[in-house]
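Sequence positions, counted from 1, serve as the residue numbers for this chain. Whatever order the structure lists them in is the order used to number ligands and atoms, beginning at 1. Hydrogens, waters and symmetry mates are skipped; everything else that's a heavy atom, side chains included, is used.
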Amino acid sequence: MTMTTFKVDIESGIAVVTLDVPGAPVNTLSTAVAQEFDGLLTRMEGDPLVRAVVLISGKPDTFIAGADIEEFTRLRTAEEATTLSRRAQELMNRVAASRKPVVAAIHGSCLGGGLELALACHWRVATDHPKTQLGLPEVQLGIIPGAGGCNRLPRLIGARAALDIILAGKSERAGKARKLGLADELVHPAILLDVAVRAATRLAADGPPVRKPKRDLAGMLLDGTAPGRALVYRMARKQVLSRTGGHYPAPLAALEAVRVSLSRGMEAGLAYEALRFGELAITDVSRNLVSIFFATTALKKDDGIPPGAAGKLAPVGRIGVVGAGFMGAGIAGTAALNAEVEVRMRDADLPRVGKGLRAATGILDERLKRKRLSRPDYQRLAALISGADDDTGFRGANLVIEAVFEDLEVKRGVVKALEQVLGNDAIIATNTSTIPIADIAAGAARPDRVLGMHFFSPVEKMPLLEVIPHAGTSARAVATAVRFGRRMGKTVVVVGDLPGFWVNRILTPYLNEAGILLTEGAPMEALDRVMTRFGFPVGPVTLLDEVGLDVAQKAAAVMHGAFGARLAPSDFVGAMTADGRLGRKNGRGFYRYEAGKRRGPDDSVYRLAGVTKAPNVDERWVERRLVYSMLNEAALAVADGVIRSPRDGDIGAIFGIGFPPFRGGPLRMIDSLGAAQVVRTLRELGDAHGARFDPAPSLIEMAERGGRYYPET
Ligand code: 3H9
């Protein structure tokens, strides 16, 4: 048998098996790799020179990234998927039952099927490196661990700790993995192989370890007894339902798989795991989540310009941030934390600069507190951030991001002033949420180096960045901004220079519609309930409070000015701001706030707008009005060329506004409903509420020819 993936070196009775899938960036357990591994096990078992095996990866930063997700997209029936799971389980069973002990030497990502293989091994040595992560992310793909993970993990670390990992699709760093008992030894990467070989030699002599769960009193009661576990399952179920709103079937299936395994034994547990894996792998939810994985991965490599068009890029080693407000500080702190560049902040006076610096380092403080950052790293990163009330320190910046007041003239002035101090190659980015970049760049001496970088608030938490070139922006500037955004940890989409770009464009009619519903007396809590039930993390009224009503009102006015009557806002938000209600930030919004905590709805706001609050509302109709206003705008924006591909649009909506991932994004949702159905519903809505629901011409055309955004799979 020829081996392409595994290299075997046998010395002193220990076979060191190096797994290195040729030509692939990471190791995955594809069917072909699994088959080869099966053959290898036969060879190891039959080889009298081998007493124990060490399994190690030849890739720099991955042990094994799991099963090959690509293969899932080819599964057609639940039976096929169950068979795939069964085969993987048999392979793991073979490892676990091997008379010759197998030791996993883990450095880098050890995920999904990769961890399941490690769990089947008799001993696990992991490196204490930040890249080493052990986890079962399957539920994030809409499936459950299907190679024995739902069975072996709870047996190794107890039901509670196992459910904590499996139900959230979490990964643990090596230190925590060691504490949980997931890893047996923790070592520096330089000695990983030596320690693993020593462990294998020991196990070959003494036999595999007899493991007894280490349990404190709570562990004994909760993990060690059937009534205790019943309580654990009940609590876990409740938590899952509140987190997923019942939209994601995988975590509940995984919970059941763990329960079956611990109550009826491993054999029944494995059969059940494979069955549920099979059912889930072919659902639309899983297909949508898998497509999000591939879209996000593809975006990591996409500079937003044709390959090679940018020429040679200068690395960004220092950035400037103009405006030390909430946004500016968020950008500065996140840049220092993730991109590890020098950051110079500037604002009009020193008190503002001081406040901005505190807020920026506050992001690092938070990490330090949560032990995500060591004290020396904290000090090193905090030292990267400085500030002043003038341009000192800007001269050497390769990229300056301005985050000043949302006003065209002010922003133009900032760009002009920056051009006086910056070097020839420096890029100027403007963080605006609605103003066209071409307008801001219009007065610049070198408009080719001006572009938009639209961050979302709070910058350190929100995963999306929109990069917006105007017609004259150079390819080099685009690629520099995209790459720097990625270094900041963002998923970056390059979008067209029309008001609102992509995210705020599709958000505007949705928030407007919420305002119009409120002027009709709809209860705010019903609007929020309907949309969280649909799958958004928060509803539109809560979102308005979070964004700030003054900000929302200003953005709505810009959008109305640009697109006319279709995007006319209601007067409700205006009535609120006139009363000094700005949302959560000043503790006065649609909801009541006490000491920073949100309380119930403040029904007095209806009086401000001269409206009587209705006791209830037709929730299905409300959902349609809100959702279809967004779908229609998405179609209009696509036709305007705002996004480069449906992929970018869906990722932008999911990461930018929390569009429910299980629905795949607004454009995938249009595809699954069918354009004809969307047009029909929009027409019904239009008959009842007017021309703002007129279907996008591109949707009508798509409906007529049976078109779609994505090719049929
Ligand atoms: C599973 O294991 C099911 C089992 O329980 C049961 C089975 C029966 N498959 O992200 P990157 C590709 S489910 C296929 O840019 P990074 C990726 O597409 C699986 N391809 O690198 C990209 O390809 P390309 C559970 C995969 O360093 C390239 O590798 N596991 C897989 O930023 C580089 O990826 C997961 O969900 C895969 N499993 O991050 C883990 N993994 O270059 C998924 C990666 O052609 N993977 N690729 O565009 C990850 O989270 C990240 O890729 C990882 C590396 C952290 C590993």
Side-chain angles (χ1 to χ4, degrees), residues 19 21-35 37 57 59-75 78-93 106-120 129-153 165-166 168-173 250 253-254 257-258 270 273-282 286-287 289-302 338 463 486-487 489-492 647:
L19 169 60
V21 179
V26 300
N27 286 326
T28 57
L29 294 176
S30 62
T31 305
V33 170
Q35 265 167 9
F37 188 53
S57 162
K59 302 286 181 208
D61 289 322
T62 18
F63 176 66
I64 300 170
D68 182 0
I69 302 172
E70 194 80 53
E71 282 185 3
F72 299 167
T73 59
R74 295 194 287 273
L75 293 168
E79 290 72 32
E80 274 178 55
T82 296
T83 305
L84 184 82
S85 163
R86 272 308 207 184
R87 293 219 172 106
Q89 290 176 346
E90 280 157 19
L91 188 65
M92 305 307 163
N93 287 348
I106 303 164
H107 171 73
S109 306
C110 173
L111 301 173
L115 179 58
E116 291 172 297
L117 174 55
L119 289 171
H129 191 274
K131 294 259 182 196
T132 299
Q133 304 263 351
L134 289 80
L136 293 172
E138 282 86 343
V139 297
Q140 291 180 18
L141 300 169
I143 51 174
I144 62 173
C150 300
N151 290 268
R152 288 200 174 86
L153 190 62
I165 291 177
I166 299 173
K170 252 199 333 200
S171 299
E172 302 288 7
R173 285 151 171 260
V258 169
L270 287 171
E273 178 185 279
L275 192 75
R276 298 303 302 270
F277 176 91
E279 275 169 30
L280 290 164
I282 56 154
S286 175
R287 300 241 191 261
L289 295 176
V290 165
S291 79
I292 293 169
F293 168 74
F294 283 120
T296 323
T297 318
L299 277 170
K300 287 188 206 165
K301 282 187 278 186
D302 185 345
N338 293 334
R486 275 204 295 265
R487 280 175 66 194
K490 304 297 167 201
T491 293
V492 188
R647 171 200 78 184

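Other residues, nucleotides and ligands place no more than 12 heavy atoms under 6.0 Å from the CZ atom of Arg87. Other residues, nucleotides and ligands place no more than 12 heavy atoms under 6.0 Å from the NZ atom of Lys131.
In this structure a side-chain-to-backbone donor-acceptor pair under 3.5 Å is present from Glu71 to Thr31. The main-chain N or O of Ala65 is never found under 3.5 Å from a side-chain atom of Thr62 such that the two would form a donor-acceptor pair. Looking at Arg152, its side chain never comes within 3.5 Å of a backbone N or O of Glu116 through a donor-acceptor pair.
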Exercise for the section: Let me see the working for Arg74 and Asp68 under salt bridge (Lys or Arg N to Asp or Glu O under 4.0 Å), right down to the final yes or no. Expected result: CA-CA 11 Å; Arg74 295 194 287 273; Asp68 182 0; 5.2 Å; no
When you pair each N or O of ligand 1 with protein N or O atoms, which pairs come out under 3.5 Å?
unit_1	atom_1	unit_2	atom_2	d
ligand 1	2 (O)	Ala67	N	2.8
ligand 1	2 (O)	Gly113	N	2.8
ligand 1	5 (O)	Glu116	OE1	2.7
ligand 1	5 (O)	Glu138	OE2	2.5
ligand 1	5 (O)	Gly146	N	3.0
ligand 1	9 (N)	Ala67	O	3.4
ligand 1	9 (N)	Ile69	N	2.9
ligand 1	10 (O)	Lys300	NZ	2.6
ligand 1	30 (N)	Ala65	O	2.9
ligand 1	32 (O)	Lys300	NZ	2.8
ligand 1	38 (N)	Ala65	O	3.2
ligand 1	38 (N)	Ala67	O	2.9
ligand 1	42 (O)	Lys301	NZ	2.8
ligand 1	48 (O)	Lys301	NZ	2.4

